Peer 1: 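Can you keep this structure in mind? I'll have questions shortly.
Order of appearance sets the numbers: ligands from 1, and atoms from 1 within every ligand. All values reported here derive from a predicted model rather than from experimental measurement.
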Amino acid sequence: MGVFSHPEFDRHESLHYVQDPASGLMAIIAIHSTALGPAAGGCRRWQYANDDDALTDALRLSRGMTYKNAIAGLPFGGGKAVILASDLAPKSPELFRSFGRAVAALDGRYITAEDVGVSVDDMRIVQEETQYVSGLPQSGDSAGGDPSPWTALGVFLAIKSAVRAKLRREDLEGVSVAVQGVGHVGLHLCRLLHAAGARLTVADVNGDNLRQAREELPVTVVPPPDLLYADVDVLAPCALGNILTSVTIPKLRASVVAGAANNQLATAIDGKRLTDRGILYAPDYVINSGGIISVAREYLGQSCEDEVRAEIERIPERLEAIVKEAEETGEPTNLVADKLARRIVASGNADGSTAGQVSNRLIA
Ligand code: NAD
């Protein structure tokens, strides 16, 4: 399929196809927007069924980063990299060095960090080739390191807020939550939910990750295909995207969907399907910004952990503003969030305001 006619192409500023036979690297770096600053977004390494799936992921994820960074009030645009994993190109230091050189060649228009399939150690290797990288090991109490605990914190706070709005419950004691995927974010989220008194149902396709969750926490384990339809109050998708579809939504039993996974909705119309079923959907990029907030603060070199935490604690108020507008207008939450993000991008920098000032003004 062509790029410009691709259904997920959204006037992306540029797309960069990278291949390096020596290391086996095959990657796509998608820069959606630099209107608010350099395009920031993680690097995912995944085995895609075909090249078009990789392109689709890069296009959707990079646009999501534009929206996520805008609503979080960060002085960054949106971009994302996907590395096409294959048995012929196993993970290796040379693969990430090669990726680092590709990032360096963009001369600061794209700043990378870790995402699914990529670790802090991998980013350390990327740093050997480029300064345009974040999510590196932490030093002292300055911001940095693995962003996933921060993502989990933001999602946890958002779940509390959504439960308050939908179930009129002030705490999570006894509230049942199904967590799809107990990887980096999902397991941290389970710890926070358990500490708050929630009852947990989990599934994962990775036996090691599932074992760790089971050993550490009192979780009910269900087979992965059953997780979405668990009889729970909250569904927290923390695996991959495209799980909320015309097929799955009619069978959901949760009243709230709030999780970390990017691109949970297969299409924008699926947001309306959730609204029509009376399910409160917390837009993924609004509530999973904890990690990029940490990564951004680390990159800017300005902040300590307490400041990162304080910024993440503002995620619930952003979600509440979106839910309120959705209730008032009857529009699905995903569309309210998309419109808000586009307004921030359109007015950002125009009058000399920072992205943070514009975001605060429009979300107030
Ligand atoms: P991860 O790879 O550490 O964890 C994902 C987990 O989901 C793995 O354990 C995997 O086995 C499991 N999984 C995959 N398919 C599954 C299925 N069908 N059913 C059940 N489990 C399945 O990734 P992560 O860093 O925890 O990220 C999780 C999601 O959150 C991703 O969509 C990612 O893009 C998004 N996200 C992550 C961060 C972050 O800080 N890491 C930030 C924002 C968004």
Side-chain angles (χ1 to χ4, degrees), residues 40-48 57-58 60-65 67-69 71-72 74 78 80-83 85 91 112-123 134-135 143-156 158 178-192 201-214 219 221-230 235-245 248 257-265 282-298 308 312 315:
C43 167
R44 172 172 294 191
R45 182 175 176 273
W46 192 252
Q47 191 141 11
Y48 292 96
D57 219 17
R60 290 195 73 186
L61 289 166
S62 57
R63 180 185 51 208
M65 289 310 303
Y67 291 0
K68 186 186 309 197
N69 293 338
I71 288 197
L74 297 170
K80 199 89 181 186
V82 299
I83 294 180
K91 245 182 160 184
T112 198
E114 50 276 82
D115 188 53
V116 173
V118 175
S119 68
V120 174
D121 286 341
D122 299 329
M123 284 301 121
S134 194
D146 177 7
S148 57
W150 295 116
T151 304
L153 174 63
V155 172
F156 170 72
V179 180
Q180 183 186 42
V182 282
H184 286 93
V185 180
L187 183 58
H188 280 295
L189 178 63
C190 284
R191 290 178 183 130
L192 295 169
T201 300
V202 303
D204 202 300
V205 292
N206 178 315
D208 291 338
N209 289 355
L210 199 56
R211 202 168 311 114
Q212 193 182 346
R214 202 184 229 153
V219 293
V221 176
V222 297
D226 298 346
L227 189 280
L228 290 180
Y229 315 118
L235 170 65
C238 295
L240 293 174
N242 294 319
I243 50 149
L244 302 171
T245 69
T248 61
V257 176
N262 284 308
N263 296 333
Q264 292 166 33
L265 301 173
D284 44 23
Y285 62 78
V286 175
I287 70 166
N288 72 10
S289 58
I292 193 72
I293 288 171
S294 167
V295 161
R297 288 275 175 186
E298 171 193 341
V308 172
I312 290 171
I315 289 175

Peer 1: Which residue and atom name correspond to the protein heavy atom nearest atom 25 (O) of ligand 1, and how close is it?
Peer 2: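 Here the closest protein heavy atom is His184 CB, 3.7 Å.
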Peer 1: Can you find a pair of side-chain heavy atoms, one from Glu298 and one from Ser134, that are under 4.5 Å apart?
Peer 2: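 Yes. Closest side-chain heavy atoms under 4.5 Å.
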Peer 1: Could you tell me, atom by atom, which parts of ligand 1 come under 4.0 Å of a heavy atom of Lys68?
Peer 2: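 Every atom of ligand 1 under 4.0 Å from some heavy atom of Lys68: 43 (C).
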Peer 1: For Asp115, counting its heavy atoms only, list the atoms of ligand 1 lying under 4.0 Å from any of them.
Peer 2: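 Going through ligand 1 atom by atom, the ones under 4.0 Å from Asp115 are 33 (C), 34 (O).
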Peer 1: Name the option, out of Leu189, Asp204, Val185, that contains the heavy atom nearest to atom 11 (O) of ligand 1.
Peer 2: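 When every heavy atom of Leu189, Asp204, Val185 is considered, Asp204 comes closest to atom 11 (O) of ligand 1.
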Peer 1: Identify the two heavy atoms, one from His188 and one from Ala152, that lie closest to each other, and give their separation to 0.1 Å.
Peer 2: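 Here His188 and Ala152 meet closest at CB-CB, 3.5 Å.
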Peer 1: Can you report which non-hydrogen protein atom sits closest to atom 4 (O) of ligand 1, along with the distance?
Peer 2: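 Protein heavy atom with the smallest distance to atom 4 (O) of ligand 1: Gly183 CA, 3.3 Å.
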Peer 1: Taking all non-hydrogen atoms of both residues, which atom of Thr151 and which atom of Ala260 are closest, and how far apart?
Peer 2: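 Taking every non-hydrogen atom into account, CG2-CB, 4.1 Å.
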Peer 1: Regarding atom 16 (C) of ligand 1: of the candidates Val205, Ile243, Leu227, which has the closest heavy atom?
Peer 2: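 The option holding the nearest heavy atom is Val205.
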Peer 1: Of all the non-hydrogen atoms in the protein, which one sits nearest to atom 35 (C) of ligand 1, and at what distance?
Peer 2: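 The closest heavy atom on the protein side is Ala260 O, 3.3 Å.
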Peer 1: Applying side-chain contact (heavy atoms from CB on, under 4.5 Å), run through Asn69 and Ile292 and close with a yes or a no.
Peer 2: CA-CA 8 Å; Asn69 293 338; Ile292 193 72; 3.3 Å; yes
Peer 1: Report the distance from atom CG of Leu74 to atom CZ of Arg297, rounding to the nearest 0.5 Å.
Peer 2: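 Between Leu74 CG and Arg297 CZ, I get 8.0 Å after rounding to 0.5 Å.
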Peer 1: With a 4.0 Å cut-off on heavy atoms, is Glu114 in contact with ligand 1?
Peer 2: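 False for this residue.
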Peer 1: Of the side chain and backbone of Ala261, name the one, both, or neither that has a heavy atom under 4.0 Å from an atom of ligand 1.
Peer 2: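 The answer is both, backbone and side chain.
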Peer 1: Which atoms of ligand 1 sit under 4.0 Å from any heavy atom of Asn206?
Peer 2: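 Close to Asn206: 11 (O).
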Peer 1: Which pair of heavy atoms, one from Ala213 and one from Val182, lies closest together, and at what distance?
Peer 2: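 Shortest heavy-atom separation between Ala213 and Val182 comes out as CB-CG2, 4.0 Å.
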Peer 1: Should we count CZ of Arg214 as having more than 12 external heavy atoms under 6.0 Å?
Peer 2: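 12 or below, so no.
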Peer 1: Relative to atom 2 (O) of ligand 1, which among Asp284, Val182, Asn288, Val116 owns the nearest non-hydrogen atom?
Peer 2: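 When every heavy atom of Asp284, Val182, Asn288, Val116 is considered, Val116 comes closest to atom 2 (O) of ligand 1.
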Peer 1: From the options Gly186, Gly181, Cys238, select the one whose nearest heavy atom is closest to atom 5 (C) of ligand 1.
Peer 2: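 When every heavy atom of Gly186, Gly181, Cys238 is considered, Cys238 comes closest to atom 5 (C) of ligand 1.
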Peer 1: Nearest 0.5 Å, what's the CG-CZ distance between Asn263 and Arg63?
Peer 2: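 CZ of Arg63 is found 7.5 Å from CG of Asn263.
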Peer 1: Using a heavy-atom cut-off of under 4.0 Å, does the side chain or the backbone of Thr151 touch ligand 1, or both, or neither?
Peer 2: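 Side chain only; the backbone of Thr151 stays clear of ligand 1.
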Peer 1: Check ligand 1 against Ser148 and write out every atom of the ligand that is under 4.0 Å from a heavy-atom position of the residue.
Peer 2: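 Near Ser148, the atoms of ligand 1 are 40 (O), 41 (N).
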Peer 1: Quick one: list whatever passes side-chain contact (heavy atoms from CB on, under 4.5 Å) with Asp115, sequence neighbours left out.
Peer 2: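 Partners of Asp115 under the side-chain contact (heavy atoms from CB on, under 4.5 Å) test: Arg44, Lys80, Asn262.
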Peer 1: Would Asp121 and Ser119 satisfy side-chain hydrogen bond (donor to acceptor under 3.5 Å, both in side chains), going step by step from the backbone distance to the final call?
Peer 2: CA-CA 5 Å; Asp121 286 341; Ser119 68; 4.9 Å; no
Peer 1: If you measure from atom 32 (O) of ligand 1 to every heavy atom of Gly117, Ala239, Gly42, Gly241, which option wins on shortest distance?
Peer 2: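 Looking at heavy atoms only, the winner is Ala239.
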